[in-house]
Amino acid sequence: MASYDGLGSSGTGYGAVCHWLKHMKLYRIVLVVVVCLLVLTFTLYSVLVHEELNVQRNDIHRTRSQLFTFEDVSPLKAADLKLRIDEMLRMKGTVSLELRDLESRRQKMQSDIGLYNQKIDELKQELARQQTELDRLKISVEQAQVAQREAVLRNTPELALPRALFSDSLPPKARSIGADQSRACKMSACFDHSRCSLTSGFPVFLYDPDTTSVVSEGYDIDGFLKTTIKQTLGYNAHLTTDPKKACVFLVLVGEALPEHEVLKNNRYNTPQGGAERIQPGVPSSIPLSSLNATRLRMLPYWGGDGRNHVLLNFARREIGPGAGNMLHGQSMDTGRAMLVQSSFEETQFRLGFDLIAPPILGPPGGDVWQECAPMLPARRKYLLSFQGELHGQNGSVTTVAGPHGTDDTESDMVDDFIIEHLKEMSTGRTQDHFMLQFECIPATEQRSPSNLRDWSLCGTDNSRKSVLKESTFALLLAPGSGSVSSTLLQARLYEALRAGAIPLILGGDQVQLPYAETIDWRRVAISLPKARITELHFLLRAIPDADLLTMRRQGRLVWERYLSSVQSTVDTIVASLRSRLGIPPKPVPSVVAHSVFNSSFVPLKSDPVIDTEPEESLGPIEPPYPSPAYRRNYTATLVQSREIWNDWADPFALYPQLPFDPVLPSDAKFVGSHMGFRPIGKGAGGTGKEFGESLGGNYPREQFTIVMLTYEREQVLMDSLSRLYGLPYLHKVIVVWNSPKPPLEDLRWPDIGVSVHVVRAPRNSLNNRFLPFDAIETEAVLSVDDDAHLRHDEILFGFRVWREHRDRVVGFPGRFHAWDVNTLDSWNYNSNYSCELSMVLTGAAFIHKYYTYLYTYTLPQAIRDKVDEYMNCEDIAMNFLVSHVTRKPPVKVTSRWTFRCPVCSVSLSEDDTHFQERHKCINFFSKVFGYTPLLNTQYRADSILFKTRIPHDKQKCFKFI
C-alpha cells in the first residue's frame with residue numbers, strides 16, 4: 001500500500017512536469033535549450049585550455065633531453081635529419097629562383113600588355129585618321145567628278161595670255177589731207193585701227209630724235225628732253241624697234257628752242273624777245289611755229305597723211321603765256337596725226353583725238369616723295385593762296401582796275417570784278433587767312449609778245465612751294481577766252497598738287513585738264529565757273545576735314561603716278577592712248593624663281609613627322625589647282641576703268657588676278673554660272689560635316705600657296721614643313737632661301753604631299769618675302785615665318801576668312817601703332833595686348849599676290865631701302881601699302897596674339913633694338929606716304945558657331961575656333 005502510494009506520488013510529479021511542459025510556450029523551451037548548450041560549451045573550453053597549458057610546460061623542460069637522448073640512442077637518424085634540412089634549404093633556394101623568374105616574366109608580360117595596349121590605341125588613332133582620310137578621299141572623288149562634269153559642260157574657253165597679232169607691213173602711202181580736214185579729225189576717221197589688234201599689246205615706235213628732226217632751221221629740241229624721252233620710253237614695255245609691228249609712231253617735236261637758247265637751262269624763264277624768229281610779212285605779235293611741215297611729211301613711216309602718228313610737244317623751260325603751243329596762230333597741216341601738248345586753243349583742240357599733257361617740270365624718274373608736303377593738318381595757315389600777274393594782248397601787263405574800271409571788254413570786266421572781290425574777301429572781317437598776290441614783286445622779266453591773256457607765275461619755284469605748302473586751297477584762274485588749256489595753268493596745277501594744296505579752278509568750265517578721259521578730276525580739284533566768285537568763301541568754309549584730306553590724298557596720288565616725272569608723263573601718255581583703243585596693257589613681269597639646287601641634284605626625302613591634329617575633316621585632298629589667270633584681259637579696263645585710273649592708280653600693267661574682281665550674285669552659282677563653285681551642302685547649307693566638305697563662300701574653288709622665308713635654320717625649317725603634311729587646299733610651298741650658303745646635301749626634306757620649291761634669293765633681304773615669284777600660281781599667299789607653329793584648322797579658317805576679304809591682310813598676330821603721348825609728334829610700335837589693332841604681322845598672314853607686285857614695283861624705293869637698312873619692318877611696310885590702297889584695316893583671326901618656337905634660339909623680335917627700329921619705321925613710312933594710312937579695328941574673326949550651343953547630332957564649323 002505504501003509502495004503504490006509512492007508510485008502514485010511519483011506519477012503525480014511526472015504528470016506535473018508534463019503538465020508544465022504542455023502549458024509552457026515554445027520560445028521558452030528554445031531559450032532553455034540554448035542556455036544549456038552555452039553552459040556546456042564554456043565548460044568544455046575551460047577544461048581543454050587547462051590541459052594544453054600543462055602539456056606546454058612539460059614540453060619546455062623535456063625537449064632538449066629527449067633530443068640528446070634520441071641522438072645518443074639513434075645517431076644515423078640525426079644525420080639524416082640534417083641532410084633533409086639541407087635538402088629543404090636547397091629546395092627553398094630553388095623555389096625562390098623560380099619565383100623570381102616568374103616575377104620577371106610577370107613584369108615582362110605586363111610590359112608587353114602595356115605596349116600592346118599602346119599599340120592598340122595607336123591603331124585606333126590610325127584607324128580614326130585613316131577613316132578621316134577615307135572620308136576626305138570620298139569628298140575628293142565627288143569633287144573630282146563635279147570638276148569632270150564641269151569640264152564636259154564648259155562652253156566658254158579658259159582665257160590666258162593671248163598670242164600677239166602684229167601688223168606685218170609699213171603704213172601704205174595715202175593722199176595728204178588739207179588743214180581743214182585735219183582740224184576735223186576724229187578717231188573714227190583719222191586712225192587706222194587695223195594696225196592695233198586687241199592682242200597686239202599696243203607696240204609703240206619712237207623716231208630717234210637725235211637722227212630724225214622735224215623742226216625748222218635755227219631750232220633744236222631741248223637736249224634734256226631728247227635724252228630722257230628715249231630713256232624713259234626704253235623702260236616702257238610697249239616700245240618696239242620694228243616699225244612694221246608698230247601701232248602708233250611717236251615723234252618728238254618739242255620743246256624746240258632757238259639754237260642759242262638750247263644751252264641755257266632756266267626752266268621757268270619765259271621766251272625772250274629775241275627767242276622768236278620773225279619772218280617778213282608776218283606780224284611780230286604772232287610767233288612762228290618751230291615745226292617744219294615739209295620735214296614732217298618726209299618721215300619714213302608718215303604714209304602720206306600721218307595716220308597713227310603722235311606729235312609730242314612738251315613744255316619744260318618756257319612756260320610763259322603762249323608757251324607750249326607750237327601751232328599757235330598757225331594753219332599748218334599736220335595730217336591725221338594726233339597732237340600731245342599742254343596748251344591748246346579752242347579752234348585747235350580736237351576733243352577725243354588730241355591729248356592734253358602737263359609740262360615736264362619734274363625729274364626723269366625715281367622717288368619723288370621728298371618733293372611733297374605732309375598731308376596733315378587738314379587746314380593750313382592760309383585758306384586760299386594765289387601769286388600771279390595777268391598778261392594780256394601783246395604781252396602787256398594788265399593793270400587791276402578799280403570798282404569803276406574803264407576796261408571795255410566783258411572779259412576784262414569779269415576779271416576785274418573777281419580780283420576786287422578776292423581782295424575784299426582777304427581783307428574782310430574773318431578769321432581765315434589769305435595769301436593773294438596779283439602783282440609780282442619784284443616785277444617779272446619781260447615777256448615775249450603774246451595775244452593770249454593768262455596769269456604768269458611770280459617768284460621762284462621754291463618761294464611758290466613754300467606758300468603752297470601752307471595753303472589749304474590754291475587758286476587757279478582760267479586763261480583768257482579762246483584757250484582750252486595753257487601751260488601756265490598746267491604748271492600751277494602741277495605745283496598745287498605737289499604741295500598738297502587743293503586746286504580751286506575759277507573758270508573751270510572753260511578749260512580742259514590733263515588726261516581728262518581717264519582721270520576723275522572732280523575727286524582732286526574744285527572747279528567753279530567765274531560766276532560763283534561771290535559764293536567762294538562760303539563754299540571753302542563748308543568743306544569738312546575728311547573731304548579735305550580725301551581730296552589732298554587723291555591729288556597726291558594723281559601727281560605721283562601721272563604728273564611727277566618724265567617717266568610718269570610718258571607712261572601716262574602711252575596708257576591713255578592705249579585705253580582709248582580698248583587694248584589691255586602688257587602683263588606685269590614676275591620674278592623668276594630660280595631653284596637653290598642645280599639641275600642635276602635631287603634632294604633627299606624623308607617621311608614627315610606628323611603632329612596630332614584634331615580629328616575633324618577640314619577639307620578634301622585635291623590635286624594642285626592653280627588660280628585661273630588673265631581671265632579679264634579685255635573687260636577689266638572697261639568695267640573697272642575708273643577704279644584702275646583713280647582708285648588703284650595703276651593702268652600701266654595687266655595683272656593675272658585682282659583682289660577687286662567683281663562678285664557674282666548668290667543665285668548665279670546655281671543658275672548658269674555654276675562652274676567652279678562648291679556651295680556648302682550643294683546649296684542646302686549645313687554645319688560642321690557639310691562645311692568641311694566644301695569651300696562654299698562667294699568665290700569659286702581655289703587653293704593657296706605658302707611662302708616661307710628662312711635663313712640658316714635648317715632643323716626649324718624641316719619641322720615647320722613637316723607640320724604641313726595633309727593640309728587641305730595647299731597648292732605648293734615656296735621656301736625663300738635667304739642665306740648665301742646652299743642647303744646641306746644630306747639635308748632630308750619632308751615629303752608633305754605637295755611641291756616644295758626652294759628658291760634662291762638674289763640677296764639677303766627681308767623684301768624677298770614679297771617678291772612676285774612666277775612659281776606662285778594662286779591668288780592667296782600665306783606668308784609665314786619658318787618658326788611659326790600654326791594648326792591646320794587655324795590655317796584653313798584664316799584661308800576661308802581671306803576669301804571674303806581678298807583685298808586685305810588677314811592673319812593671326814595683331815599689333816597697333818600708338819601715339820607717343822610724351823612727345824605728341826610721333827608714333828610708337830606696340831605689341832601689348834589691346835582691344836584695338838591696326839596691323840597684322842605677315843609672319844603668319846594671308847595676302848593677295850597682287851600686293852606682291854605693288855610692293856616690288858610701285859612701293860617707294862626708300863621704304864624697301866629702310867627695310868634693308870634695319871633688316872626689319874617689311875611687315876609694317878606691307879600693312880602700310882594695303883591700307884593705303886584700300887583704306888581698310890586688316891582682319892585678325894582666332895585668339896592667337898603671338899607665336900613662340902620652343903626649340904628656337906632667342907629671336908630678334910625680343911631685342912629692345914628691334915622695337916626701337918620699328919618705332920622709327922612707322923614714322924619714316926608715314927613721312928614717305930605723307931600720312932599714316934593705318935586704320936584701327938576693334939574686332940577679330942571667329943567661326944560662326946564658335947561658343948554656340950548646337951544639338952548633339954550636329955557638328956561645329958571648327959572644334960576649337
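All of these numbers come straight from a predicted model, not from anything done at the bench.
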Original post:
Do Arg918 and Ile922 come close enough that some side-chain heavy atom pair is under 4.5 Å?
Top reply: no

Original post:
For Phe773, does its backbone N or O pair with a side-chain atom of Lys849 as donor and acceptor, under 3.5 Å?
Top reply: yes

Subject >> Distance-only side-chain donor-acceptor flag, Arg713 / Thr710, under 3.5 Å >> reply: no

Original post:
Hey, are Asp942 and Lys947 close enough for a salt bridge, meaning a charged N less than 4.0 Å from a carboxylate O?
Top reply: no

Original post:
After noting the C-alpha distance and the side-chain angles of Phe812 and Thr894, does the key distance pass the side-chain contact (heavy atoms from CB on, under 4.5 Å) rule?
Top reply: CA-CA 7 Å; Phe812 300 89; Thr894 77; 3.4 Å; yes

Subject >> Asp793 with Lys959: basic N within carboxylate O range, under 4.0 Å >> reply: no

Subject >> Leu934 vs Met839 side-chain heavy atoms within contact, under 4.5 Å >> reply: yes

**OP:** State, with a plain yes or no, whether a side-chain heavy atom of His848 is found less than 4.5 Å away from one of Val882.
**Re:** no

**OP:** Give me the ring orientation class for Phe925 and Phe880: parallel if the planes are under 30° apart, tilted from 30 to 60°, perpendicular past 60°.
**Re:** perpendicular

Original post:
Is the Phe846 ring parallel, tilted or perpendicular to the Phe704 ring (thresholds 30°, 60°)?
Top reply: perpendicular

Subject >> Lys NZ or Arg CZ of Arg815 over Tyr829 ring: under 6.0 Å, within 45° >> reply: no

Subject >> Considering all heavy atoms, the nearest Asn768-Val736 contact >> reply: CB-CG1, 3.9 Å

Original post:
With sequence neighbours left out, which residue pairs that include part of residues 114-123 fulfil the salt bridge (charged side-chain N to carboxylate O under 4.0 Å, His left out) condition?
Top reply: none

Subject >> Separation of Phe929 CZ from Ser883 OG (nearest 0.5 Å) >> reply: 9.5 Å

**OP:** Keeping to residues at least two apart or across chains, list the salt bridge (charged side-chain N to carboxylate O under 4.0 Å, His left out) pairs with something in residues 733-760.
**Re:** none

**OP:** Give a yes-or-no answer on whether the side chains of Tyr853 and Thr858 include a donor-acceptor pair shorter than 3.5 Å.
**Re:** no

**OP:** Say whether Ser838 and His817, considering side chains only, have a donor N or O and an acceptor N or O under 3.5 Å apart.
**Re:** yes

Original post:
Does a side-chain heavy-atom distance below 4.5 Å link Val707 with Val784?
Top reply: no

**OP:** Look only at the side chain of Lys732 and the backbone of Val756, and say whether a donor-acceptor pair between them is shorter than 3.5 Å.
**Re:** no

Original post:
Do Phe660 and Thr886 come close enough that some side-chain heavy atom pair is under 4.5 Å?
Top reply: yes

Subject >> Residue pairs involving residues 927-938 (criterion salt bridge (charged side-chain N to carboxylate O under 4.0 Å, His left out); sequence neighbours excluded) >> reply: none

Subject >> Presence of salt bridge, Asp647 and Arg887, under 4.0 angstrom >> reply: no

Original post:
Taking atom CG of Leu782 and atom OG1 of Thr705, what is their separation to the nearest 0.5 Å?
Top reply: 9.5 Å

Original post:
So does Tyr235 have more than 12 non-hydrogen atoms from other groups sitting under 6.0 Å from OH?
Top reply: no

Original post:
So which heavy atom on Glu917 is nearest to which on Tyr870, and how close?
Top reply: OE1-O, 3.5 Å

Subject >> Arg769: salt bridge (charged side-chain N to carboxylate O under 4.0 Å, His left out) partners, not counting sequence neighbours >> reply: Asp785, Glu874

**OP:** Can you sort out the partners of Tyr855 under ring pair (Phe, Tyr, Trp, His ring centres under 6.0 Å), two or more places apart, ordered by chain and number?
**Re:** Phe770

Original post:
Any Lys/Arg nitrogen of Glu804 or Arg800 sitting under 4.0 Å from an Asp/Glu carboxylate oxygen of the other?
Top reply: no

**OP:** Test Val735 against Val759 for side-chain contact (heavy atoms from CB on, under 4.5 Å), laying out the working first.
**Re:** CA-CA 6 Å; Val735 177; Val759 178; over 6 Å; no

Subject >> Ring-face cation of Arg701 near Tyr625 (centre distance under 6.0 Å, axis angle within 45°) >> reply: yes

Subject >> Within 6.0 angstrom of Asp865 CG, more than 12 heavy atoms from elsewhere >> reply: yes

Original post:
After noting the C-alpha distance and the side-chain angles of Tyr655 and Tyr630, does the key distance pass the ring-ring contact (aromatic ring centres under 6.0 Å, His included) rule?
Top reply: CA-CA 7 Å; Tyr655 294 92; Tyr630 297 105; 9.1 Å; no

Original post:
Below 4.0 angstrom, N of the basic side chain to O of the carboxylate: do Arg678 and Glu693 qualify?
Top reply: no

Original post:
Hey, is CD1 on Ile944 packed in by over 12 heavy atoms from elsewhere, all under 6.0 Å?
Top reply: no

**OP:** Taking ring pair (Phe, Tyr, Trp, His ring centres under 6.0 Å) as the test, write out the residues that go with Phe924, two or more places apart.
**Re:** Trp369

